[in-house]
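First comes the structure, then the notes that go with it.
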Amino acid sequence: MKIEELNRESEMLYSGHNACPGCGAALAVRYLTRALGPDLAIVLTASCWSIISGMPPLTALKCPILHCPFPSAGSVGSGVKRGLVAKGKPDTTVVVLAGDGGTFDIGLQALSGAAQRNEDYIFVCYDNEAYMNTGMQTSSATPFGARTATAPYPLFKAGQKKDIMQIMAAHSIPYAATATVAFPEDMEEKLKKAKKISGFRFIHILSPCPPGWGTESADTIQISRLAVNTGFFPLYEIRDGVSWEMTLKPDRSRIPLKEYLGAQRRFKQMDDRRIEILQEEVDHDWECLMEKVNTAD
Amino acid sequence: MLPEVTKDPVCYSCGTEPSSANKTGEWRFLTPEKDIRLSPCRQGCLLDGEIPAWLEAVKNGRWEEAWQIMSRYNPFPALTGYVCFHPCTENCNRGQLDQEIEIHAVERAIGEWRLENYKRVDRPKEVKGQAAVVGSGPAGLSCAYYLNQGGYEVTVFEREKVIGGMFALGIPEYRLPRKVLKKELSVLEEEGIRFVSGCHVGQDVSLSGLYEDYDTVFLAPGAWKPRKAGIPGEESGGVWNALDFLSLLNKGHQPEIADPVVVIGGGNAALDSARSALRMSNVNHVKLIYRRSRTEMPANQAEVEAAEHEGVELIFNALPRKIEEEGKIKEITFDFCKTNLKGLVVDQSRSFEEKCGTVIMALGQEIDPSIFGEPVKDSLFYAGGDFTSGPATVPDAIRAGRIAAMTIIARDAGLPEPDLMLPDLEPVAFEELNLEAKINLSLQQSQAKPDEEAGRCLGCGTCNSCGICYIFCPDMAVEKVDNRYQLNMDYCKGCGICVKECPARAMVMEGGME
Ligand SMILES: Cc1cc2nc3c(=O)[nH]c(=O)nc-3n(C[C@H](O)[C@H](O)[C@H](O)COP(=O)(O)OP(=O)(O)OC[C@H]3O[C@@H](n4cnc5c(N)ncnc54)[C@H](O)[C@@H]3O)c2cc1C
Ligand SMILES: Cc1ncc(C[n+]2csc(CCOP(=O)(O)OP(=O)(O)O)c2C)c(N)n1
Ligand code: SF4
Ligand code: SF4
Ligand code: SF4
Ligand SMILES: [Mg+2]
């Protein structure tokens with residue numbers, strides 16, 4: 001990403017879209033489409049992005065978007081890619097864009113099927129850690145300890161966040177990677193890499209959501225950065241399900257998770273004991289990840 | 001029946017018109033705006049120059065603009081780029097990251113660009129008045145420059161044959177190439193400033209005469225009267241005064257100097273004398289002897305190091321008592337001397353003799369209030385540089401000339417006296433900068449090319465067009481125009497990300513953010 005080369009023409013996202021102020025998902029898709037465009041087709045499940053993308057005749061993206069039923073993203077993506085190939089357009093990049101609900105929960109079986117068949121497209125999950133568009137209901141991507149509409153204060157999400165990356169790795173797909181909006185260069189590199197690979201590719205993007213997470217809209221980047229620097233959301237890539245590699249080590253030795261949680265009102269009811277539980281979980285995941293990274297090289 | 005799809009592969013279900021028809025800026029209840037805060041370099045700059053602004057211009061290759069910004073405070077960047085001791089750099093925040101910006105190197109490059117690209121433009125000039133400037137040092141030249149820009153017809157009177165004051169006669173050629181000075185002066189002449197050299201005001205013309213003939217007079221005769229040690233032998237032959245020695249050399253003569261040379265003093269004139277003497281073909285040994293310690297030397301430390309590196313021997317804590325002559329050999333007696341709370345303490349029991357062929361006394365200069373042969377009256381306000389401050393620096397003098405010119409221009413326009421002091425604000429501290437998004441932050445150490453070096457500047461309170469706000473705006477409400485960034489209020493939702501992420505702290509949220 002050379003800032004000198006960026007301008008309105010190189011962007012695929014238009015202003016005037018319907019995202020909330022400070023929306024991480026809007027930024028994620030801005031980076032994503034810029035990296036993969038212009039010859040790009042997007043398959044979109046029901047989610048905040050169905051709204052952000054605008055109401056016809058308006059559209060927020062310079063590429064076509066196909067809205068599809070909530071659980072069907074994986075299959076619709078397969079069909080669109082095969083259709084384009086059949087029409088003699090094998091070079092068009094097909095991206096399935098789904099929220100965490102559309103990926104971790106309701107979309108999981110179609111996703112699994114497409115991954116197992118190694119369909120030739122990129123599945124992008126922008127993860128705002130709940131069903132945000134319908135009012136912040138818990139999803140299996142919601143982290144332990146977060147308050148949601150279905151686990152209102154003083155309740156909280158009890159189980160751990162589902163490890164979608166291990167699930168994808170278990171499908172032995174050619175490429176899978178994590179990314180987040182505070183590190184646009186890292187994200188772009190991964191997307192450009194993914195674009196050059198054929199077969200099923202999966203990108204998991206952590207996208208802060210100011211109203212849902214209870215953060216200041218101005219803090220979106222800082223929150224995303226903290227997620228990485230605390231080790232809560234490590235940045236890595238996996239090739240063929242076996243070769244794990246960190247792309248961006250946390251700046252300092254990992255910052256205590258408390259700093260990340262404290263900046264978000266959804267974790268307001270987290271007492272020290274619960275913070276410790278989550279910290280231990282993050283530490284454990286981190287060690288497992290390091291092991292995978294180390295055995296890979 | 002489904003409508004026919006015409007714009008293959010655009011699917012009709014997703015819309016075909018850009019959402020930019022939707023002016024989402026209407027949602028905004030907080031508004032970001034560009035801000036300017038004081039940078040540490042500017043606080044350190046003796047000229048008050050807008051350093052980060054001209055660095056930004058150079059980074060983007062806008063040299064003309066850089067010159068325009070520069071010349072608001074410094075009309076002679078080519079000269080200061082050589083001789084200013086750049087206290088700006090000492091303060092530079094980037095030093096806390098890796099290495100300070102070489103501000104003076106970029107400054108010099110702007111000056112040299114300007115001299116190379118100078119073209120006289122005929123401006124219709126409504127003459128505001130006739131101005132006389134006495135003294136052609138940096139203070140006089142600067143006042144002449146700004147008065148001339150402001151529409152005055154300016155005549156500069158200089159008692160010496162050469163124009164330039166200390167630029168021409170004090171500072172040695174090896175520190176300031178004379179071709180740069182010459183070019184600078186020829187530009188001033190082309191701009192319409194008249195120089196009368198060899199005209200000593202007070203002897204060749206009278207000061208009162210100038211007051212009669214001109215609407216405005218600015219006095220900048222500097223401080224040239226040598227301070228004396230008041231010791232026996234000081235006036236004998238073979239004992240030079242530093243400024244006499246340096247100006248003779250700078251005029252192209254060969255002062256009579258016999259090896260070895262002893263320079264007495266610890267200021268810049270002492271250092272220049274020592275280094276100049278060492279450069280003479282018949283001189284092999286130069287000692288510089290100073291009455292206080294090394295850390296107490298008023299000279300610029302880089303100069304001291306350079307002198308030492310070239311082979312000047314430095315001796316400290318020694319005060320001369322007398323100078324005796326034995327034929328062509330001089331013998332100076334020094335007493336041990338140091339400073340304590342009471343001042344200078346001399347211990348005559350610990351003394352030593354130093355034999356040499358030449359002594360150069362560099363004990364500093366003083367203002368000579370009687371220089372014009374008549375008292376300087378109430379108009380003293382329109383005087384500046386070393387003449388009013390005592391020996392100071394080139395940038396101090398340039399600043400004084402500018403302030404005088406601005407004050408005169410305002411007075412003649414019937415405007416109130418302008419406040420030309422920089423407000424005493426806290427500059428942006430290194431800790432305040434947000435350097436977390438290392439995107440676009442040039443991480444190299446000092447660069448040889450001025451635009452690359454300027455690109456290392458962190459901004460510190462001035463937008464340096466890094467583009468971070470552009471990168472992080474989820475609404476594409478930061479527009480990029482000619483590599484610079486502007487807010488587009490049609491689409492800004494007021495999220496505040498740009499304000500928060502701006503590394504330079506060059507943005508604020510109207511009405512605060514918290
Ligand atoms: C050896 C030496 C080296 C220095 N090096 C540096 C340096 O590297 N960097 C730095 O920042 N500062 C340096 N300084 C200090 C700096 O040069 C002075 O502070 C600065 O030049 C003062 O400017 P000015 O215009 O007030 O006076 P000057 O530069 O002294 O100019 C005054 C001019 O007025 C003329 N004049 C005097 N009386 C009359 C009269 N009656 N009629 C007509 N003309 C008259 C003089 O001939 C002279 O040309 C140095 C000083 C010395 C002595
Ligand atoms: C089958 C089906 N069930 C429910 C919905 C209602 N619905 C629309 S968007 C949405 C939430 C989607 O959550 P997620 O996938 O996480 O995306 P987000 O809104 O958080 O971006 C839901 C439940 C639907 N459109 N279709
Ligand atoms: S980084 Fe730039 S603006 Fe900041 S102190 Fe240094 S030169 Fe000045
Ligand atoms: S990041 Fe964009 S939308 Fe947010 S305040 Fe700045 S300009 Fe406005
Ligand atoms: S983020 Fe960069 S471009 Fe934007 S205002 Fe700050 S310094 Fe200027
Ligand atoms: Mg979601």
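Proteins come first, then strands; the chains are lettered A, B, ... in the order of their sequence lines, and each starts at number 1. Computation of the quantities below employed the complete heavy-atom set of this structure, encompassing side-chain atoms and omitting hydrogens, waters and symmetry-equivalent molecules.
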Inset, instruction - Please name the pair of heavy atoms, one in Cys495(B) and one in Ser217(A), separated by the smallest distance, quoted to 0.1 Å. - result: O-OG, 2.8 Å
Inset, instruction - Ignoring hydrogens and angles, tell me if any N or O in the side chain of Ser15(A) forms a donor-acceptor pair with the backbone of Met476(B) under 3.5 Å. - result: yes
Inset, instruction - Taking the side chain as every heavy atom from C-beta outward, state whether Pro184(A) and Ile471(B) have any atom pair closer than 4.5 Å. - result: yes
Legend entry - Least distance between heavy atoms, Ala60(A) atom then Ser19(B) atom: CA-OG, 3.4 Å
Inset, instruction - Flag the one option from Pro32(B), Cys473(B), Cys492(B), Gly25(B) with the top tally of heavy-atom pairs under 4.5 Å to chain A. - result: Cys473(B)
Inset, instruction - Find out whether Pro474(B) and Leu27(A) are in side-chain contact, i.e. whether some heavy atom of one side chain is under 4.5 Å from a heavy atom of the other. - result: yes
Legend entry - Residues, nucleotides or ligands: over 12 heavy atoms within 6.0 Å of Leu441(B) CG: yes
Inset, instruction - Counting only heavy atoms closer than 4.5 Å, note whether Val181(A) contacts chain B via side chain, backbone, both or neither. - result: backbone
Legend entry - Rounded distance (nearest 0.5 Å) linking atom OG of Ser10(A) with atom NZ of Lys480(B): 7.0 Å
Inset, instruction - For Trp27(B) and Pro21(A), work out which heavy atoms get closest and say how close. - result: CE3-CD, 4.5 Å
Inset, instruction - Kindly determine whether Lys500(B) and Glu216(A) satisfy side chain to side chain contact (heavy atoms under 4.5 Å, CB included), including the steps that lead there. - result: CA-CA 11 Å; Lys500(B) 182 110 187 182; Glu216(A) 297 304 323; over 6 Å; no
Legend entry - Glu501(B) side chain reached by Arg225(A) side chain, heavy atoms, under 4.5 Å: yes
Inset, instruction - Counting only heavy atoms closer than 4.5 Å, note whether Tyr485(B) contacts chain A via side chain, backbone, both or neither. - result: side chain
Legend entry - Lys195(A) atom NZ, neighbour heavy-atom count above 12 within 6.0 Å: yes
Inset, instruction - Could you tell me whether the side chain of Glu17(B) reaches within less than 4.5 Å of the side chain of Tyr14(A), counting heavy atoms only? - result: no
Legend entry - Atom pair CG (Asn18(A)) and OG1 (Thr24(B)), whose distance is rounded to the nearest 0.5 Å: 8.0 Å
Legend entry - CG (Asp424(B)) with more than 12 external heavy atoms under 6.0 Å: no
Legend entry - pair Asn22(B)-His17(A): side-chain heavy atoms closer than 4.5 Å: no
Inset, instruction - Determine whether Ile439(B) and Glu185(A) make a side-chain contact, defined as any pair of heavy atoms from C-beta on separated by less than 4.5 Å. - result: yes
Legend entry - Atom pair CG/CG of Asp482(B) and Asn7(A) - distance to nearest 0.5 Å: 11.5 Å
Inset, instruction - Select one option (side chain, backbone, both, neither) describing which atoms of Ala182(A) are under 4.5 Å from chain B's heavy atoms. - result: backbone
Inset, instruction - Against chain A, label Cys466(B) side chain, backbone, both or neither, depending on which of its atoms sit under 4.5 Å from a heavy atom there. - result: backbone
Inset, instruction - Step through the shown structure and confirm whether more than 12 heavy atoms of other residues, nucleotides or ligands are within 6.0 Å of NZ on Lys23(B). - result: yes
Inset, instruction - Flag the pair Arg8(A) / Glu479(B) as yes when at least one side-chain heavy-atom distance between them is below 4.5 Å, and no otherwise. - result: yes
Inset, instruction - Would you name the heavy atoms of Ile497(B) and Gly22(A) that are closest together and state the gap between them? - result: CD1-CA, 3.9 Å
Legend entry - Atom CD of Glu26(B): over 12 foreign heavy atoms under 6.0 Å: no
